[in-house]
Amino acid sequence: MKKSILIIALAFAAFACNKKEESKPEESVATEEVQAATAATTTDLFDKEWKLQEMNGKAIVLDTAFKKEPLIVFHKDTGKMTGNGGCNNFSGSYKVKEGNTIELSEGAATMMACPNLAIEGEFFKAFKQVKSYRIENNSLMLDNEKKEVVAKLGTGK
């Protein structure tokens, strides 16, 4: 009797362990794929040095004698952004919202005089115009409300 109870208990345990996961409805799978793609795109934004390449469709030209380059880093865990305008270091905050919309707010910057101040001024001014972003290959496009690219940045990879 004890053997048959033990055998039955083991059979139930084996059946429970081998039970296959129910398949998910197609809609659920599709939603998960879209969420994963959105997360991958958003993740690509964070914790990288994005170096300024173009402003308003024109390639930037830096004074090569000066070693600093305009760049920005979006820190995922803090909601802060840091970088260099081409002369001065800066920090601020950002908010990523639905549909790749983004809000940038410049907080503080050092106040040195350097050869690249004109580009830096344009770069900082662009922060106020940015309403959304998109990432294509290794390029980050910061767009205004008309979906025009105000700044194009790259990772250099």
Side-chain angles (χ1 to χ4, degrees), residues 17 19-157:
C17 290
K19 186 178 177 186
K20 292 183 180 179
E21 184 179 323
E22 294 178 27
S23 62
K24 297 178 182 178
E26 281 185 38
E27 185 177 310
S28 174
V29 171
T31 302
E32 287 176 5
E33 288 172 359
V34 168
Q35 289 173 342
T38 301
T41 301
T42 304
T43 301
D44 289 342
L45 176 68
F46 301 115
D47 302 316
K48 293 181 181 179
E49 277 193 359
W50 292 101
K51 295 182 180 184
L52 184 63
Q53 297 173 334
E54 296 176 10
M55 291 291 304
N56 299 310
K58 296 179 185 171
I60 62 162
V61 179
L62 298 172
D63 183 333
T64 56
F66 194 71
K67 300 291 182 209
K68 295 201 177 186
E69 294 180 73
L71 62 90
I72 189 167
V73 178
F74 297 96
H75 302 279
K76 185 177 184 175
D77 295 336
T78 62
K80 302 289 182 195
M81 61 180 194
T82 58
N84 189 285
C87 177
N88 291 289
N89 292 325
F90 69 86
S91 64
S93 61
Y94 69 90
K95 289 181 187 172
V96 174
K97 301 177 181 180
E98 266 186 58
N100 285 357
T101 59
I102 191 168
E103 240 177 67
L104 306 179
S105 63
E106 184 185 343
T110 56
M111 297 178 62
M112 299 187 311
C114 309
N116 297 323
L117 278 177
I119 291 170
E120 179 173 276
E122 285 184 51
F123 191 36
F124 290 166
K125 197 183 305 181
F127 291 168
K128 295 174 185 152
Q129 298 173 26
V130 173
K131 301 295 180 200
S132 63
Y133 74 95
R134 56 198 154 90
I135 298 172
E136 296 173 6
N137 300 320
N138 289 322
S139 295
L140 168 64
M141 271 66 78
L142 299 176
D143 299 333
N144 64 16
E145 61 190 13
K146 296 177 185 176
K147 301 291 184 195
E148 300 166 330
V149 179
V150 293
K152 179 181 176 184
L153 303 97
T155 60
K157 292 180 183 177

Going from CD on E106 to NZ on K125, what distance comes out if it is rounded to the nearest 0.5 angstrom? 12.0 Å
Please assess Y94 against Y133 for the test ring-ring contact (aromatic ring centres under 6.0 Å, His included), listing each intermediate value before the final yes or no. CA-CA 12 Å; Y94 69 90; Y133 74 95; 9.3 Å; no
Heavy-atom pair of closest approach, residues P115 and D63: CB-OD2, 3.2 Å
Value rounded to 0.5 Å, distance of CG in D47 from CZ in F74: 11.0 Å
Please indicate whether M112 has more than 12 foreign heavy atoms, meaning atoms of other residues, nucleotides or ligands, lying under 6.0 Å from its CE. yes
The reported gap from CG in L142 to NZ in K131 (rounded to nearest 0.5 angstrom) is 12.5 Å
Of all the heavy-atom pairs spanning C114 and F66, show the shortest one and how long it is. SG-CZ, 3.5 Å
No-hydrogen, no-angle side-chain donor-acceptor test under 3.5 Å, E120 and N116: no
Count the heavy atoms belonging to other residues, nucleotides or ligands that lie under 6.0 Å from CD of E145, then report whether that count exceeds 12. no
Tightest non-hydrogen contact, residues S139 and Q53, listed as OG-OE1, 4.2 Å
Side-chain contact test, heavy atoms from C-beta onward, threshold under 4.5 Å: evaluate it for L52 versus L71 and give yes or no. no
Listed by chain and number, what are the salt bridge (charged side-chain N to carboxylate O under 4.0 Å, His left out) partners of E98, not counting sequence neighbours? none
One should read off an interatomic distance between C87 SG and M111 CE, to the nearest 0.5 angstrom, of 11.0 Å
Which pair of heavy atoms, one from I72 and one from F123, lies closest together, and at what distance? CB-CZ, 4.4 Å
On a heavy-atom basis, which atom in M81 and which in S105 lie closest, and how many Å separate them? CE-O, 3.7 Å
Could you walk me through whether E148 and N56 pass the side-chain contact (heavy atoms from CB on, under 4.5 Å) check? CA-CA 8 Å; E148 300 166 330; N56 299 310; over 6 Å; no
When rounded to the nearest 0.5 angstrom, what distance separates NZ in K152 from CD in E54? 4.5 Å
If the condition is salt bridge (charged side-chain N to carboxylate O under 4.0 Å, His left out), which residues does K51 pass it with, not counting sequence neighbours? E69
Closest approach of M55 to E122 (non-hydrogen atoms, all atoms of both residues): CE-O, 3.3 Å
Output the distance between atom CH2 (W50) and atom CG (D44), rounded to the nearest 0.5 Å. 7.0 Å
Taking C-beta and beyond as the side chain, do N89 and T82 meet within less than 4.5 Å on heavy atoms? no
